[in-house]
Amino acid sequence: MEISQKVYSNLRKVPKGKVTTYKELAKSINSKAYRYMGYLMKHNKDSINIPCYKVINSDGSIGNYSGNGGIKTKIKLLKKDGIKIKNKKIDLKKYLHKF
DNA sequence: CTCGTGACTTACG
DNA sequence: ACGTAAGCCACGA
């Protein structure tokens, strides 16, 4: 199975109300290709089934987003999932999902 | 095979 | 806190 498919699969496992980081995502597939995670999201081959907005930076900041509205929409979607965002940062202690 | 790319991370000054 | 640099890895051309 291709790495990209594994990443997508894992990302879909993130429960509602939780988020994950590029770092954790890479670790979950036994890889250190942190940068590639974002690369995959941007390419967005399966955007319909992949909640890329649940992927954030290791320090809890939002990171980036190429969808409609960009960062703003990403934050909105996260809030919709019940996640509290403080000054563009997410409380990883509460919302980080580990694989 | 090599090269460029990327929504990252860590370390250092 | 901020900018810079280096490390990292899969993928397409």
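Below, chains carry the letters A, B, ... as their sequence lines are ordered, and counting in each starts from 1.
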Using 0.5 Å steps for rounding, measure from the CG atom of A:L96 to the NZ atom of A:K23.
10.5 Å

So which nucleotide from C:dC9, B:dT9, C:dA10 ends up closest to the side chain of A:S58?
B:dT9

Between the OG1 atom in A:T73 and the NZ atom in A:K80, the distance rounded to the nearest 0.5 Å is 10.5 Å

Atom pairs, protein N/O to nucleotides 4-7 of chain B N/O, distance under 3.5 Å:
unit_1	atom_1	unit_2	atom_2	d
B:dG6	N7	A:R35	NH1	3.4
B:dG6	O6	A:R35	NH1	3.0
B:dA7	N7	A:K42	N	3.0
B:dA7	N6	A:M41	O	2.9
B:dA7	N3	A:Y22	OH	3.1
B:dA7	N3	A:N64	O	2.8

For the pair A:H97 and A:F99, name the ring-plane relationship: parallel under 30°, tilted 30 to 60°, perpendicular over 60°.
perpendicular

With a 4.0 Å limit, can you tell me whether A:K32 has a side-chain N or O closer than that to the phosphate oxygens OP1/OP2 of B:dC8?
no

How long is the line joining CG of A:N30 and C1' of C:dC8, in whole Å?
14 Å

Using the ring pair (Phe, Tyr, Trp, His ring centres under 6.0 Å) criterion, which residues pair with A:Y95? Sequence neighbours excluded.
none

Taking for each residue the nucleotide of DNA chain C with the nearest heavy atom, is it A:Y34 or A:E2 whose nucleotide lies nearer the 5' end?
A:Y34

Can you tell me the distance, in whole Å, between the CG atom of A:L25 and the P atom of C:dC9?
16 Å

For residues 53-78 of chain A, the salt bridge (charged side-chain N to carboxylate O under 4.0 Å, His left out) pairs (sequence neighbours left out) are A:K54-A:D81, A:D59-A:K89

To the nearest Å, how far apart are A:I29 CD1 and C:dC8 C1'?
12 Å

Under 4.5 Å between side-chain heavy atoms, hopping through other hydrophobics if needed: is there a path connecting A:Y22 to A:I29?
yes

Rounded distance in Å - NZ (A:K27) to C1' (C:dA10):
19 Å

Rounded to the nearest Å, what distance is computed from the OH atom of residue A:Y8 to the C1' atom of nucleotide C:dC11?
11 Å

C1' atoms of C:dA13 and B:dA7, separation to the nearest Å
22 Å

Take atom CD1 of A:I62 and atom P of B:dC8, then tell me their distance rounded to the nearest Å.
13 Å

